[in-house]
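Have a look at the structure below, then the notes.
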Amino acid sequence: MFSESKTLIFFFFLIVIAAMETQLSNGPSCTSSNGPNSVSNNCTSPVEMPNGTEDSKTNLIVNYLPQNMTQEELKSLFGSIGEIESCKLVRDKITGQSLGYGFVNYVEPKDADKAINTLNGLRLQTKTIKVSFARPSSASIRDANLYVSGLPKTMTQKELEQLFSQYGRIITSRILVDQVTGVSRGVGFIRFDRRVEAEEAIKGLNGQKPPGATEPITVKFANNPSQKSSQALLSHLYQSPNRRYPGPLAQQAQRFRLDNLLNMAYGVKRFSPMTIDGVTSLAGINLPGHAGTGWCIFVYNLAPDADENILWQMFGPFGAVTNVKVIRDFNTNKCKGFGFVTMTNYDEAAVAIASLNGYRLGDRVLQVSFKTNKTHKA
DNA sequence: TATTATT
């Protein structure tokens, strides 16, 4: 069809333009060697510089965010620590899909410290988020990610880092493992602080045998995630319209993912929650806890010193949490013993309630339920 | 032979 061809050409140009933007958009040209390293998130007490190239003490980068997490949820999570100056979830220019990371800039440096101390390592759904200081934006730190293959199966992450660290500062390293056996797949990633370091590592290590290895390794720049989403868009265009809606298999896969997630998070055997299909949930106008923006959950018997973070920690692993709130006494600022959690999906909320109702938190046993419209009476 | 770290 002629119109289909025109549509394809249109999207092709969109992709080309986006690719050109990626190549041309250079940030301010400044370099710094004080970025966070791959192991800890230590602040190196930066000195104030008049030219604005010093490391920020308020700006954080947040990595390994769940795919479905929105900017509002990111702000809600980090806003529980302190006042936020700005917050941005980075999305693909073409598809709008989250790239799984974002930035949070606090007003006060102490809140940035606090966010690293309390939120780094927080488990949200299938991810463990990483919170660290953002390095000053610079063209020189972009495209510094390497893909390494042909590694000896016995090589550890530490040994991989030792091999590459001679070429520069390593920001992250990873060896991919078989999900069932846990054994190395012989491939991995190394992200350097600067692109020039990655270039030197390719020159020095591509085609070389690591000490003791029998086979040479391949080292090259990793594919860009935006390329993947462009491919996804293209393949989507070729997909027939009757395949766009998730069938039973996709639903089953989703359920499987939920079960896995729960086992990973708490090792609990979950109840079989009632599944609400589209029709039922539309019909049930007075369903408990449903507030239009999500499912509101009532959490009772919290300690006086409870804060929002404990609610994120408890409910985050069960699925998409959009908001948490601890109800406090106006004068003392102590928790009045209860709080609320809003979750997007009924299934995930139901499993969270089934798993956390009766949960022992310190010396208290929590009561967790969907929020009712009635006034709570003892 | 492929995860998502620079607005």
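Each chain gets a letter, A, B and so on, in the order the sequences are listed, and its residues count up from 1.
Rounded to whole Å, the distance from CG on A/N120 to P on B/dA5 is 13 Å. Straight-line distance from the CZ atom of A/R174 to the P atom of B/dT4: 4 Å, rounded to whole Å. For the pair A/D92 CG and B/dT7 P, the interatomic distance rounds to 13 Å; values are reported in whole Å. Taking atom NZ on A/K88 and atom C1' on B/dT6, their separation rounds to 11 Å, with Å as the unit. The distance from atom CG of A/D143 to atom C1' of B/dT7 is 15 Å, rounded to the nearest whole Å. Rounded to whole Å, the distance from CD1 on A/I129 to C1' on B/dT3 is 17 Å. When rounded to the nearest whole Å, the span between CG of A/L89 and P of B/dT6 equals 14 Å. Atom C1' of nucleotide B/dA2 and atom CZ of A/F221 are separated by 16 Å, given to the nearest angstrom.
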- Task: Apply side chain to side chain contact (heavy atoms under 4.5 Å, CB included) to the pair A/L65 and A/L74, showing each step before the final yes or no.
- Result: CA-CA 9 Å; A/L65 292 168; A/L74 184 67; 3.9 Å; yes

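A donor N or O paired with an acceptor N or O is found under 3.5 Å between the base of B/dT6 and the side-chain atoms of A/R135. Residue side chain A/N224 does not reach the base of B/dT3 through any donor-acceptor N/O pair under 3.5 Å, judged by distance alone.
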Residues 103-112 of chain A, side-chain donor-acceptor partners within the protein, below 3.5 Å, at least two apart:
from, atom 1, to, atom 2, distance (Å)
A/N105, OD1, A/T58, OG1, 2.7
A/N105, OD1, A/N59, N, 3.3
A/N105, ND2, A/E85, OE1, 3.1
A/Y106, OH, A/F78, O, 2.7

Distance-only donor-acceptor pairs under 3.5 Å for side chains of residues 199-215 of chain A, two or more places apart:
from, atom 1, to, atom 2, distance (Å)
A/E199, OE2, A/R195, NE, 3.3
A/E200, OE2, A/K203, NZ, 3.2
A/N206, OD1, A/V219, N, 2.9

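In this structure, A/R142 does not reach the B/dA5 phosphate: none of its side-chain N or O atoms is under 4.0 Å from OP1 or OP2. Contact annotation: A/Y64 reaches the phosphate of B/dA5 (side-chain N/O to OP1 or OP2, under 4.0 Å). Proximity of A/R191 to the phosphate of B/dT3: no side-chain N or O atom is located under 4.0 Å from OP1 or OP2. Look at A/S137 and you'll find a side-chain N or O under 4.0 angstrom from OP1 or OP2 of B/dT7.
Residue ring and nucleobase are stacked for A/Y147 and B/dA2, with a centre distance beneath 5.5 angstrom and an angle between planes beneath 30°.
In this pair, A/W295 and A/Y346 present their aromatic rings perpendicular. The plane angle is above 60°, beyond the 30 to 60° band.
For the segment residues 100-109 of chain A, the set of residues with a heavy atom within less than 4.0 Å of an atom of DNA chain B comprises A/Y101, A/F103, in numerical order.
Scored by the side chain to side chain contact (heavy atoms under 4.5 Å, CB included) test, A/K75 finds A/I84, A/C87 as partners (sequence neighbours excluded). Listed by chain and residue number, A/Y147 satisfy the ring-ring contact (aromatic ring centres under 6.0 Å, His included) test with A/F189 (two or more places apart in sequence, or in another chain).
The residue A/K127 sits close only to the backbone: its heavy atoms come under 4.0 Å of sugar-phosphate atoms, none of a base. Note on A/L176: only backbone sugar-phosphate atoms sit closer than 4.0 angstrom, heavy atoms only; bases stay farther off.
Each side chain to side chain donor-acceptor pair (under 3.5 Å) pair with one or both residues in residues 316-328 of chain A, not counting sequence neighbours, appears once here: A/S76-A/N323, A/E308-A/R328.
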